[in-house]
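Just so you know, these numbers use all the heavy atoms, side chains as well, and skip hydrogens, waters and symmetry mates. Every value quoted in this text rests on a predicted model; they were computed, and no experiment measured them. Positions are given from 1, in the same order as the sequence printed here.
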Amino acid sequence: MRRLFPAVLPAATVLASLTLAVAACGGGGGGGEPAAPAASVSDPTKITGEVTWWDTTRPDSEGPTFQALIKEFEAAYPGIKVTYVNVPSDQAQNQFQTAAQAGSGAPDVIRSEVAWTSQFASLGYLQPLDGTRAVDRPDDFLPGPLSSTKYNGKTYAVPQVTDTLALIYNKRLLKEAGHEEPPKTVAELKQTALDVKAKTGAEGLALNVDSYFLLPFIYGEGGDLLDVQSKKIVIDSPANVKAMQTVSDLISSGAAPKPATTESYANAMTALKEGKAAMIYNGPWALSEIYQGKEFKDKQNLGIAPVPAGSVKAAAPTGGWNLAIYAGSKNIPAAYEFVRFMTTQKAQAKIAKEISLLPTRTSAYADPDVQGNRDVAVFKPIMDTAVPRPWIPEGGQLFQPLLEGYQDLVGGKSAPADMLKKVSEQYHGIMKDWS
């Protein structure tokens with residue numbers, strides 16, 4: 001799975017979508033009333049129906065685990081047939097919104113990025129889940145992932161996996177460059193990268209030109225995108241200008257080669273896997289692919305550490321994926337059972353064991369299969385310090401302007417302050433009542 005955020009529909013289209021959703025679903029705050037409270041289901045295994053699920057994982061390295069879970073679900077619920085559809089994560093947001101707006105073609109269940117959930121709920125596209133069988137033992141979920149499922153005090157999704165970013169590195173290359181430990185600050189990151197380039201011939205740091213991957217630099221300088229409490233847009237703050245200057249310096253100094261403005265994620269991953277770059281920023285979703293690379297046939301050669309600290313702190317964003325049900329689904333009871341099954345402790349433990357995605361249930365971390373996964377154990381404390389993103393309807397729209405600004409920055413078309421000023425103007429166009 002790539003951590004990419006697609007372009008969002010224009011504001012006029014979103015407004016039209018909201019109007020349609022209100023008409024179709026009886027209000028902008030969500031879909032219809034729950035179809036089957038938990039107490040009314042005497043034998044859930046007798047429920048029948050067909051559930052189409054849009055999955056956003058990588059089909060080669062992650063998809064097989066989820067398809068195996070589907071087979072287990074169908075064996076436990078013989079009356080329910082699941083149609084599995086893999087939709088690229090950089091296309092799913094717009095595809096779902098377009099289908100839901102049209103009233104046809106939307107899946108019964110979507111794997112929704114945490115930033116999309118409140119947006120879809122605000123447009124009336126998601127089924128409210130409070131009091132349904134879809135939400136099993138809500139107190140068992142980690143508070144951070146659980147908070148991303150709420151909108152206007154109601155629950156519209158169930159947390160499936162959570163994630164954050166870390167520094168992922170090639171131990172061999174760092175050791176050959178004279179570094180036994182990974183860098184702990186951005187200044188050390190720059191020097192380590194330069195040492196790798198000078199002493200091994202490999203690139204030091206491969207950057208991914210994606211807005212999500214800018215957040216550790218922004219948080220590291222004490223910056224943020226928004227001040228939600230004050231309803232203030234702060235993307236062009238002095239702290240963020242300093243963060244963009246840091247990124248620019250990594251490139252101009254040679255610590256990181258100038259990245260392409262497109263396909264940089266794939267390029268960075270390939271460089272790491274082939275030993276052509278020593279370090280990247282990435283999340284747990286990338287590990288199953290990284291281990292397919294020739295440099296990491298010996299898994300012990302892969303290092304995982306917290307992102308290096310800026311002048312203020314070391315911090316990475318909270319990410320992850322939820323399972324949500326389309327409000328217009330004709331198979332709501334079956335969809336409840338599917339979401340419930342796919343978010344159980346057992347299912348999360350299987351996912352963590354096989355592909356190192358982080359559970360959202362507290363109880364899952366006590367499972368022997370989860371405790372036995374070294375990567376999960378390393379990521380868990382990093383996850384505990386991750387910065388929550390704003391769970392607001394506009395949250396999913398913040399990344400495209402920032403991505404375009406990042407592309408202009410690395411392409412030499414814009415200086416840090418000018419780049420952020422332009423992004424701020426675009427943010428004010430999205431959130432017109434914010435200062």
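For the residue pair Glu354 and Thr65, a side-chain donor N or O sits within less than 3.5 Å of a side-chain acceptor on the partner. Side chain to side chain, Ser363 and Gln345 meet the donor-acceptor criterion of an N or O pair below 3.5 Å. Between the side chains of Asn170 and Asn301, a donor-acceptor pair is found at a separation under 3.5 Å. Checked by atom type, the side-chain pair Thr155/Thr149 shows no donor-acceptor distance below 3.5 Å.
With sequence neighbours left out, Phe141 forms a ring pair (Phe, Tyr, Trp, His ring centres under 6.0 Å) with no residue at all. Residues satisfying the side chain to side chain donor-acceptor pair (under 3.5 Å) test with Asp369, not counting sequence neighbours, are none. Residues that satisfy the side chain to side chain contact (heavy atoms under 4.5 Å, CB included) test with Ala106, not counting sequence neighbours, are Phe96, Ala99, Tyr326. Remark: Lys422 pairs with Asp408 by the salt bridge (Lys or Arg N to Asp or Glu O under 4.0 Å) rule, at least two apart or across chains. Residues meeting the side chain to side chain contact (heavy atoms under 4.5 Å, CB included) test with Ser148, sequence neighbours left out: Val114, Asn322, Trp391. Under the side chain to side chain contact (heavy atoms under 4.5 Å, CB included) criterion, Glu188 pairs with Pro183, Lys184, Thr185, sequence neighbours left out. Residues meeting the side chain to side chain donor-acceptor pair (under 3.5 Å) test with Asp55, sequence neighbours left out: Thr57, Tyr84.
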Using atom types as modelled, flag every donor-acceptor pair under 3.5 Å from a side chain in residues 307-315 to any protein atom, sequence neighbours excluded.
residue	atom	partner	partner atom	Å
Ser311	OG	Glu221	OE1	2.3
Ser311	OG	Lys242	NZ	3.3

List the atom pairs, donor and acceptor, that lie under 3.5 Å between side-chain atoms in residues 68-83 and the rest of the protein, sequence neighbours left out.
residue	atom	partner	partner atom	Å
Glu74	OE2	Val82	N	2.9
Tyr77	OH	Glu337	OE1	2.9

Distance-only donor-acceptor pairs under 3.5 Å for side chains of residues 380-387, two or more places apart:
residue	atom	partner	partner atom	Å
Lys380	NZ	Asp384	OD1	3.0
Lys380	NZ	Asp384	OD2	3.4
Thr385	OG1	Ile382	O	3.0

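Taking both residues in full, the closest heavy atoms of Val209 and Leu403 are given as O-CD1, 3.4 Å, listed atom of the first, atom of the second, then distance.
Using a 4.0 Å cut-off between charged nitrogen and carboxylate oxygen, Glu394 and Lys432 do not count as a salt-bridge pair. Between Glu50 and Lys330, none of the side-chain N atoms (NZ, or NE/NH1/NH2) sits under 4.0 Å from a carboxylate O, so this pair counts as no salt bridge.
A donor-acceptor contact shorter than 3.5 Å links the side chain of Ser118 to the backbone of Ile392.
Residue pairs meeting the salt bridge (charged side-chain N to carboxylate O under 4.0 Å, His left out) criterion with at least one partner in residues 228-238, sequence neighbours excluded, are Lys231-Asp433. Every pair passing salt bridge (charged side-chain N to carboxylate O under 4.0 Å, His left out) that includes a residue from residues 355-368 is listed here, sequence neighbours excluded: Asp140-Arg361.
For Lys273 and Phe296, the positive end is not near the middle of the six-membered ring at less than 6.0 Å and at most 45° from its axis.
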